[in-house]
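Residue numbers begin at 1 in each chain, while the letters A, B, ... track the order of the sequences. For clarity, every value in this text was computed on a predicted model and none was experimentally measured.
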Amino acid sequence: MPELPEVETIRRGLDNQIAGLRIKSVQVKKARLVKGSVKKFIAVLTGNVFLKFNRRGKLLIAALKSGQFLLIHLKMTGQLIYQHGRQLIAGGHSFVGMDWRLPNRHTHIIFSFRNGSRLFFNDLRQFGYMKIVSKIELEKELKKFGIEPLTAGFSLKNFVEIFANKKTSAKALLMNQKFIAGLGNIYADEVCFYAKVKPSRRVPSLTEGEIKKLYQGCRVILAKAVKARGTTFSDYVDADGRQGGFIKFLKVYGRKGEKCRRCRRGVIVKIKQGGRGTHFCPQCQQ
DNA sequence: AAGTAGACTTGTTTCC
DNA sequence: CCTTAACAAGTCTACT
């Protein structure tokens with residue numbers, strides 16, 4: 001679930017809540033969720049301090065006092081829930097009927113802090129992971145990511161360059177983390193709608209104007225989604241315990257069968273593209 | 001090299 | 001209504 005706006009929202013919440021806290025203990029209930037040696041993972045984290053939470057694309061990066069880093073990827077269904085006393089502060093995937101008593105059956109890793117608070121890493125599908133890396137390894141990881149939207153480096157010129165000599169579809173390119181970091185299935189569909197471009201359009205067929213619109217779409221939609229604290233499905237809550245408000249701004253995602261909110265003529269269709277549900281208006285997207 | 005299908009996993013939804 | 005197959009917001013691997 002979490003794409004750039006949701007991960008950024010979680011990052012801010014964690015940075016507010018647990019940056020500066022010393023880790024009293026770490027419990028790994030499912031080794032699958034830890035990449036590398038679990039023994040080392042526990043040894044490094046126990047007694048360590050979370051200094052700062054950063055983000056690259058959809059990857060969370062916690063700087064540790066020891067000089068190492070904890071990488072956290074939530075993939076589709078990961079959640080980070082911080083519990084302090086009776087207060088629950090959560091972020092990530094959620095679903096109707098989930099068990100808010102913690103830990104629950106999807107809790108795989110638990111961090112305990114000295115003040116009695118705890119951070120739970122839950123993941124229904126167990127695709128997510130945590131991993132300890134050195135500074136050098138971190139830099140190697142970060143090289144895999146393309147341009148970061150919502151930063152100064154995200155210029156039209158750089159964006160246009162990405163589209164040169166590509167043969168794939170507009171949506172596949174937008175979602176490729178190697179070129180643009182942070183867009184996933186929801187926001188890629190929304191950006192294509194904004195630009196009036198069918199997600200399946202081949203990149204070589206795109207006009208200059210359409211590429212510019214796609215660029216603007218990335219900026220406008222991601223900025224707005226971050227401001228709304230991400231997109232909420234069912235009872236997802238963000239890292240400050242509030243619901244993400246972007247769902248009401250979605251124009252095509254999850255709106256199959258609805259009349260197009262822009263042209264008022266087309267009906268939103270959902271097709272399968274690259275194995276993903278893809279939504280667009282056949283009337284106003286070319 | 002670039003592009004894409006398949007795999008990973010578990011719970012829910014949808015269709016017959 | 002029950003059963004079953006399809007489907008789900010991400011990314012890595014392996015293949016063409």
Side-chain angles (χ1 to χ4, degrees), chain A residues 1-10 29-36 55-60 71-80 91-99 104-108 121-131 140-146 162-192 199-204 221-222 225 228-238 243-244 246-247 249-257 270-279:
Chain A
M1 174 255 160
E3 303 180 35
L4 187 152
E6 293 77 34
V7 177
E8 175 60 19
T9 301
I10 293 164
K29 296 165 75 91
K30 197 133 218 172
R32 178 203 300 282
L33 286 278
V34 172
K35 277 198 180 180
R55 178 189 59 76
R56 187 75 167 90
K58 303 165 195 169
L59 182 69
L60 279 168
L71 305 185
I72 308 170
H73 205 303
L74 301 172
K75 294 284 182 85
M76 308 237 269
T77 54
Q79 306 172 302
L80 288 166
H93 175 84
S94 186
F95 52 92
V96 177
M98 83 161 269
D99 188 354
N104 64 31
R105 74 178 130 148
H106 301 302
T107 302
H108 306 304
F121 181 33
N122 295 353
D123 193 351
L124 185 148
R125 282 167 77 180
Q126 305 174 26
F127 287 176
Y129 65 82
M130 288 190 173
K131 179 184 181 180
K140 216 167 117 192
E141 288 270 349
L142 295 185
K143 277 196 190 133
K144 295 184 200 161
F145 289 94
I162 287 167
F163 281 69
N165 305 316
K166 298 293 192 305
K167 301 278 194 297
T168 187
S169 67
K171 179 176 178 181
L173 184 53
L174 288 172
M175 284 180 62
N176 190 329
Q177 305 297 300
K178 230 166 60 184
F179 300 115
I180 302 163
L183 286 175
N185 204 39
I186 297 176
Y187 295 106
D189 279 2
E190 294 297 316
V191 168
C192 286
S200 58
R201 273 282 291 286
R202 298 283 111 185
V203 169
I221 288 164
L222 290 175
R229 304 180 321 282
T231 298
T232 288
F233 283 89
S234 64
D235 52 0
Y236 160 93
V237 292
D238 72 13
Q243 293 213 334
F246 196 70
I247 190 164
F249 298 116
L250 294 177
K251 298 286 204 301
V252 284
Y253 188 88
R255 299 203 183 277
K256 181 179 83 169
K270 180 178 180 186
I271 62 160
K272 197 139 195 172
Q273 184 188 324
R276 294 281 171 240
T278 297
H279 312 70

Notebook entry, point to check: To the nearest Å, how far apart are L33(A) CG and dT9(B) C1'?
Noted result: 11 Å
Next item on the list: Send over the distance from H108(A) NE2 to dC8(B) C1', rounded to a whole Å.
Entry: 14 Å
Note to self: Tell me the interatomic distance from E6(A), atom CD, to dA9(C), atom P, rounded to whole angstroms.
What the structure shows: 12 Å
Under 3.5 Å between N/O atoms: give me all the protein pairs with nucleotides 11-13 of chain C, atom names plus distance.
| from | atom 1 | to | atom 2 | distance (Å) |
| --- | --- | --- | --- | --- |
| dT11(C) | OP1 | H73(A) | NE2 | 2.8 |
| dT11(C) | OP2 | K58(A) | NZ | 2.7 |
| dT11(C) | O4 | R276(A) | NH2 | 3.0 |

Notebook entry, point to check: Rounding to a whole Å, what distance do you find between L124(A):CG and dC8(B):P?
Noted result: 17 Å
Note to self: Taking only the C1' atom of each, what is the distance from dG11(B) to dC12(C) in whole angstrom?
What the structure shows: 23 Å
Next item on the list: Answer yes or no: is there a donor N or O on one side and an acceptor on the other, between the side chain of Q126(A) and the main chain of D123(A), under 3.5 Å?
Entry: no
Notebook entry, point to check: Below 4.5 Å, heavy atoms only, C-beta onward: do F121(A) and K30(A) meet side chain to side chain?
Noted result: no
Check: How does DNA chain C read in dot-bracket, base by base from 5' to 3', with Watson-Crick or G-U pairs under 3.5 Å and | used when the partner is on another strand?
Finding: ....||||.|||||||
Note to self: Determine whether a donor-acceptor pair (N or O, by modelled atom type, separation under 3.5 Å) exists between the side chain of E190(A) and the backbone of I221(A).
What the structure shows: no
Notebook entry, point to check: Q273(A) CD to dG10(C) P: how many Å, rounded?
Noted result: 14 Å
Item checked: Pairwise side-chain contact, P5(A) with F246(A), heavy-atom cut-off 4.5 Å (strictly under) -> no
Notebook entry, point to check: Hey, does the side chain of T168(A) come within less than 4.0 Å of dT4(B)'s phosphate (OP1/OP2), counting only N and O?
Noted result: yes
Margin query: Check this for me: does any side-chain nitrogen of one of R56(A) and E141(A) sit under 4.0 Å from a carboxylate oxygen of the other?
Written below: no
Item checked: Sugar-phosphate, base or nothing in reach of K272(A), heavy atoms under 4.0 Å -> sugar-phosphate
Next item on the list: Could you tell me whether the side chain of K58(A) and the main chain of L183(A) form a donor-acceptor pair under 3.5 Å?
Entry: yes
Checklist line | Short side-chain N/O contact to dA9(C) OP1/OP2 from Y187(A), under 4.0 Å | finding: no
Notebook entry, point to check: Is Q126(A) near enough to dC8(B) that one of its side-chain N or O atoms lies under 4.0 angstrom from OP1 or OP2?
Noted result: no
Item checked: Residue mapping more 5' on DNA chain B - nearest nucleotide basis, N176(A) or K256(A) -> N176(A)
Check: Do you know the tightest heavy-atom contact between E3(A) and G184(A)?
Finding: OE1-N, 2.6 Å
Check: Think R105(A) has a side-chain N or O under 4.0 angstrom from the OP1 or OP2 of dG11(B)?
Finding: yes
Checklist line | Interatomic distance, R255(A) CZ vs dA9(C) P [rounded to whole Å] | finding: 16 Å
Item checked: Under 3.5 Å donor-acceptor, N122(A) side chain and N104(A) backbone -> no
Next item on the list: Please check if the side chain of Q177(A) supplies one atom and the backbone of G57(A) the other of a donor-acceptor pair under 3.5 Å.
Entry: no
Next item on the list: Give one of base, sugar-phosphate or nothing for G128(A), where a contact means two heavy atoms less than 4.0 Å apart.
Entry: nothing
Next item on the list: Can you figure out which of dG11(B), dA8(C), dG3(B) approaches the side chain of M76(A) most closely?
Entry: dA8(C)
Checklist line | G275(A) or K178(A), whichever maps to the more 5' nucleotide of DNA chain B | finding: K178(A)
Check: Taking the P atom of each, how far is dA5(B) from dC7(C), in whole Å?
Finding: 15 Å
Item checked: Integer angstrom distance from the P of dG6(B) to that of dA6(C) -> 14 Å
Next item on the list: Round to the nearest Å and state the distance from I186(A) atom CD1 to dA8(C) atom C1'.
Entry: 11 Å
Item checked: Value in whole Å for how far the C1' atom of dG10(C) lies from NZ of K131(A) -> 15 Å
Checklist line | Closest to side chain of K166(A), choosing from dG3(B), dA9(C), dT9(B) | finding: dG3(B)
Notebook entry, point to check: So among T168(A), I162(A), V191(A), which one has a side-chain contact (heavy atoms from CB on, under 4.5 Å) with L174(A)?
Noted result: V191(A)
Check: Within the distance-only criterion (no hydrogens, no angle test), does the side chain of D189(A) pair as donor or acceptor with the backbone N or O of Y253(A) below 3.5 angstrom?
Finding: no
Item checked: dT3(C) versus dT9(B) - spacing of their P atoms, nearest Å -> 26 Å
